Amino acid sequence: MKKAFPRILAIAMALCLILGMVPAFAQAEKTQIYFLMNESDDVMRNWVSATKDTWLQDFPNVDLKFEFSAGSASEYETKIRTMVSAGNAPDIWWSHGASWSRPLIAAGELLQLDQYLDKLDFWNKYVIPSAKVASAYDGHYYAFPFESLLYNIVLYNKATFAKYNLTPPKTMDEFFKIVQTLIDNKETPFVTGASGGWPVAAILEGFAYSQDPEATKKVIEGKAKFTDQPYTYAATQLKKMMDMGAFTSDVALVSNDEAETIFKSGSVAMWPIYSYALSNAYPEMKDNLGWFFYPASDESGIADIGTSLAGGVKVDSGLVCSASTKNPELTASVAAAIARSYSKYYFEVLGDPVIPYNAEANGWTFTGTRAPVIEEFSGATKNFKNVYGFVQDVLPTAAANTALLSACTEFMTGSLEIPDFLEQLNQALTAE
Amino acid sequence: MAQIRSNKLYILIFTAPALLLFFVFVIYPIINTFYLGTLNTDGISHSNFIGIKNFARAFADKQFVNSNIMSLWLALLCVLCDSVLALAAALALTMFSAKFQKFCRSAYLIPMVLSVTVISQMWLAIYNSEWGLLNHMLGALGLTNLEHAWLTKRDTAMICVAIVGMWQFFGLYVLMTFAGIKQIPDSYYEAAKIDGANFLEVTRHVTLPLLNDIIKLCVIMGLVGGLYTFPQVYVMTKGGPGNMTMTVMMYIYKNVFYNQYYGYGSAIAAIVIVETFILLYAINRLMAREKIEF
């Protein structure tokens, strides 16, 4: 017995070792793909929990490690950049735009997707033409379109408007009358996530486009400056709103998530934001949710309202793959499937048709009743004539982006005069 | 012990693990920071050597100069508030009963066991201009004219953020000073009492000289803590709105991680390291005293 015991122990240990390695052998046949995602909002969380199990339907040999990265988009970006510079990049991640992608493309860290896209016949089969155009950089493609198409609009609370017999404004005069009426009745007209900077840039663009439909494009292409008339006009209108007390207190410290919560709670009347928020706010606000385009400066511009605005398919934005991924073709195929899944969720579950994919060609159907506001907005997109990317997304460098957003946030404290603010924006453009 | 001390091999063997860790996690990163400061790099693409250009750029950079001045000012404030006030609080504490002292010692520790994130969020709620506790209290006291947008006005934003860190570690300084006072033998105080010294004279001629090392430690910790203020800034304002609460640490973070100026951010960090050494040297010189054994 004394001799047998060590043998039994040795056999047991060996068996344990072998049995323990079986899953490892089984795993060894699978390709591991690491997907790090930004936990940006409720829709993102719901999409993941509803569809995660379906992502790998066509990829039985993939072992997907999925992780959510909490925090803002810039914190997610910082995390990705740090991982890339440490040589530990995820296989797939979400790039929010040009200032994110271009330095990584220049460094050869992003997988060029041209050949995989061709193999999948991706552009012809699945994607709307404008998404293809926006995804091209230097004649190549690096991202699978992912986000729903975003446009610059103002959301409003219909109940609050109805209470004071207000209707969406067509001119700036009407706009300021609404603001004044709300203030006079002790209502807070606006909330915005000014701490992030980009919602402030969105307001500026909203006003600037009423002066020149190519206001941002000209600035980015070096044909104009922020100190020129369109942005001076925009900053003047925004300053006027601030001076009237149109925003929530400490607005410069409010994040976009907080702004969304405040607006949905009904405690403010309007929220200038991108059109994605229609899908986010509708489930809670239902028929109280309304939207309008930024008003024209005067009656002569009313006919052009809703024809020129910032937004569309974000440039170089979408799911991107690391150049160092072990199996590029497989990673690209998985990324494509996940990217499509997100738009499918928007279309089929949220009933939002404003997506970068061609729903019909993808075989997606929506059987429910579409939210009236989303239906209405979807119809309005057909009138778009002049759409150009959001200013922070089309800036060429991360430093330019940071400087612009920082100036926008500071402006909302009221401590910057308009000329100084616009000059800071000009300087942001020159950041290398 | 003397035998071990005389054997350098033993000393090397016993301290090797700690030295190795110190080298890997302190010395090497410092050296590497200076090296990175000489590169033009975004941390991702190819880098090139540019000598002292990043350092020269830093001194011409108004934002760096401003954030550095802001941090030095914070360091001074931390020294004054944490070290000097903590000394006063510790001296006052000695006058109370042992039971009350015990209660205070526990109470002072509470902020330190809380996460800086939790504390920062709590202070954000206190400072909120619309529904914050501070403005609410001022209103309740009839001081509505003092109500303020604390974190979004240039005159108060930085000090409000600084208070968070000082409040959190104030107890630590009090406890360290209090423990130092308790170490002083009673016979010194009894002798002073026989000589007819009052409280102020005892404090000046007995307590303070014998507390010199502790005070120096508190000053150094306060100074470094103030100069390196970061977590509460990151959580509360991220250096904003604009650059209102931009400390030098936040500025380094912004340059390295937001702007992708890895080389430039490292150069600033190197400058701050040198600055810290100079300040520590100055404190050591200013507070150098003959060691009193007791």
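These numbers come from the heavy atoms of this one structure, side chains and all, not from hydrogens, waters or symmetry mates. By convention in this document, chain letters (A, B, ...) are assigned in the order of the sequence lines, proteins followed by strands, and residues within each chain are numbered from 1. None of the values given here were measured: they were computed from a predicted structure.
When all heavy atoms of A:Leu204 and A:Cys408 are compared, the pair lying nearest together is CD1-SG, 4.3 Å. In this structure, B:Val248 and B:Ser71 approach most closely via the heavy-atom pair N-OG, 2.8 Å. Residues A:Ala107 and B:Ile44 share a closest heavy-atom pair of CB-CG2, 3.3 Å.
Every residue meeting the ring-ring contact (aromatic ring centres under 6.0 Å, His included) condition with A:Phe390, not counting sequence neighbours, appears here in chain and number order: A:Tyr274. Evaluation of the ring-ring contact (aromatic ring centres under 6.0 Å, His included) rule for B:Phe59 yields no partner, not counting sequence neighbours. Among residues two or more places apart in sequence or in another chain, the ring-ring contact (aromatic ring centres under 6.0 Å, His included) test is passed with B:Tyr173 by none.
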What would the table of donor-acceptor pairs between chain B and chain A look like if you include every N and O pair under 3.5 Å, whether backbone or side chain?
residue	atom	partner	partner atom	Å
B:Ser129	N	A:Asp250	OD2	2.8
B:Ser129	OG	A:Asp250	OD1	3.1
B:Ser129	OG	A:Asp250	OD2	3.4
B:Glu130	OE1	A:Ser249	OG	3.0
B:Lys153	NZ	A:Thr413	O	3.3
B:Arg154	NH2	A:Glu410	OE2	2.5
B:Tyr234	OH	A:Glu75	OE2	2.9
B:Lys238	NZ	A:Glu75	OE2	3.2
B:Phe257	O	A:Arg81	NH1	3.0
B:Tyr258	O	A:Arg81	NH1	3.2
B:Asn259	OD1	A:Thr402	OG1	3.0
B:Gln260	OE1	A:Arg81	NE	3.4
B:Gln260	OE1	A:Arg81	NH2	3.3
B:Tyr261	OH	A:Glu432	O	2.8

